[in-house]
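Numbered from 1 within each chain, the chains take letters A, B, ... in sequence-line order.
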Number of protein chains: 2
Amino acid sequence: MPPQPPAATPGTAPVAHLRVQRVRPAYRQVADELRTQILAGTLPAGTRLPNEGELGRAFGVSRSTAREALRVLSSQHLVETHRGVQGGTFVSEPDPARVVEDVGSALGVLVMTPQLHVSDLLEARLLLEPAAARLAAQRADAETVEAVRSAAAAHRDARDPSGFVGHLDFHTTLLMATGNLMLTLMGQPVNDVLRTRLRREGVEAHEWDKVDACHREIAEHVAEGRADDAEAAMRDHLVELRRLYERDGFWT
Amino acid sequence: MPPQPPAATPGTAPVAHLRVQRVRPAYRQVADELRTQILAGTLPAGTRLPNEGELGRAFGVSRSTAREALRVLSSQHLVETHRGVQGGTFVSEPDPARVVEDVGSALGVLVMTPQLHVSDLLEARLLLEPAAARLAAQRADAETVEAVRSAAAAHRDARDPSGFVGHLDFHTTLLMATGNLMLTLMGQPVNDVLRTRLRREGVEAHEWDKVDACHREIAEHVAEGRADDAEAAMRDHLVELRRLYERDGFWT
DNA sequence: CCGACGCTAAAGGTCTGACGTATCGCGCCA
DNA sequence: TGGCGCGATACGTCAGACCTTTAGCGTCGG
């Protein structure tokens, strides 16, 4: 609130003056109604909604208004639209990857405010990933173990950007290896944000080698079901990584 | 993909047939461009964008298209619009509460799919909250301690819906007491989902009393800085709660 | 007989122009 | 001096038209 409401003249109640939406616009009402029906399961995934014209008529609004409502829902990944005959608006299948993207994007906004510090992300990761390593070691089946191993083995040149991505893929793979989607949902956005914010220039090649070695060690612990070792190794690894981030000095 | 593409006749490349957006619609391009500028900081929070007409002209599109772009951004809480003179479209201040809401809503969608099980949420919470209790015990200042205490003390009739909310407020308060917003961001949506899904009918009054007692015990551990005890008590509490959820039997 | 080409209908995408309506500042009037 | 109403501004909504994409289907040629 830039212009600070004029300090409630004496006698008048200290009315909250702060930009309130008195009436919900029609497009919002339509969007809310449809969202409610989707979340309630009345409109299951895959359902084809009426075309924009009919939809508008059904709600007693114009096509433009109906379209704006659909834009809202589609930007929340609740519906998707396709053109052409056989096109239309369809209720979306829930997609964890989209959730991860959205959360990551939202974190990206928050992470540069005083409210959320990079060190908070590192701390959260330090809670999450060692525990994830433990669970992975306890649960991973042969196929999953293979995935973790190959993610750890993925080599990269120090100069190849895709290699850097490959490095973080190990953490992602490990989160998924727990078999608990919720852990991926919580951990992956953190990794995404960190990836976009770490300046790679200050990191030497031999340090990347060390990182790789840690990954392979953790992968082996997981492969052989040594939960305690996996957890400890991951914790050490993250502490080490934290030093890199700190030296990079990008969080002022 | 219901109609399974016709198995690529020999000779033709196995073209991915799966509903692709060949061209990005104009409203999406405009939205993406604006989003990029907002995330990059070119348009800092509080900035007033040109009115819809000018914005459209600036991008070479009509006002309707510009509006649809703005609807997308506003549904992602990147901008907000106000009517009247002095109204317009403004870049939003980042708001953690919105992120929590959005994530919670997205989880609500996922949690009824085979991909995400309620037990996954409980497991994630079992990782997160004991650690949060430990951090809170280590860090909480006097004011925070008081908040945690009063959240634990908040009594409710077994029949009062608001009391149930009050109960979960303790967990929320504790997450916030860590001083690490990221932990709140990860833990709160889980609690929100669980709250909306637990059927309260099967729970006896004396069981609620037990819950309250646990909360007060944890609060005291936090207040006196006993990190180990706080962590252990929270773990025990969650395990106990898990029994309630299991007996409730709502996850099939 | 079969495959390639092209037409056509359905639905979303975009444009234009108009009018409704919420707000707020300013100046008039009591 | 203080309350009230006018008017400017920008979003909200509507109506109708035309463009573009897409898939199905029918036709034509090999």
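Scanning for salt bridge (Lys or Arg N to Asp or Glu O under 4.0 Å) contacts around B:Asp95 gives an empty result, with sequence neighbours left out. Shown here are the side chain to side chain contact (heavy atoms under 4.5 Å, CB included) partners of A:Glu101, two or more places apart in sequence or in another chain: A:Arg98.
For the residue pair B:Glu33 / B:Gln37, a side-chain donor-acceptor distance below 3.5 Å is found, with atom types taken as modelled. Residues B:Asp102 and B:Gln76 have side chains that never bring a donor and an acceptor to within less than 3.5 angstrom of each other.
Under a 3.5 Å cut-off, the side chain of B:Arg139 and the backbone N or O of B:Thr178 do form a donor-acceptor pair.
Nucleic acid contact class of B:Thr65 (heavy atoms, under 4.0 Å, all strands): sugar-phosphate only. Using a 4.0 Å heavy-atom distance criterion, B:Gly56 is classed as making no nucleic acid contact.
Put simply, OH on B:Tyr27 is 14 Å from C1' on D:dT20, counting in whole angstrom units. Atom CZ in B:Arg57 sits roughly 16 Å away from atom C1' in C:dT14 (whole-Å rounding). For the pair A:Glu68 CD and D:dC14 C1', the interatomic distance rounds to 11 Å; values are reported in whole Å. Taking atom CG on B:Leu55 and atom P on C:dC15, their separation rounds to 13 Å, with Å as the unit.
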Kindly determine whether B:Ser75 and A:Ser75 satisfy side chain to side chain donor-acceptor pair (under 3.5 Å), including the steps that lead there. CA-CA 7 Å; B:Ser75 80; A:Ser75 80; 2.3 Å; yes
Which letters describe nucleotides 6-12 of chain C, given B = protein heavy atom under 4.0 Å from base, S = only from sugar-phosphate, - = neither? ----BBB
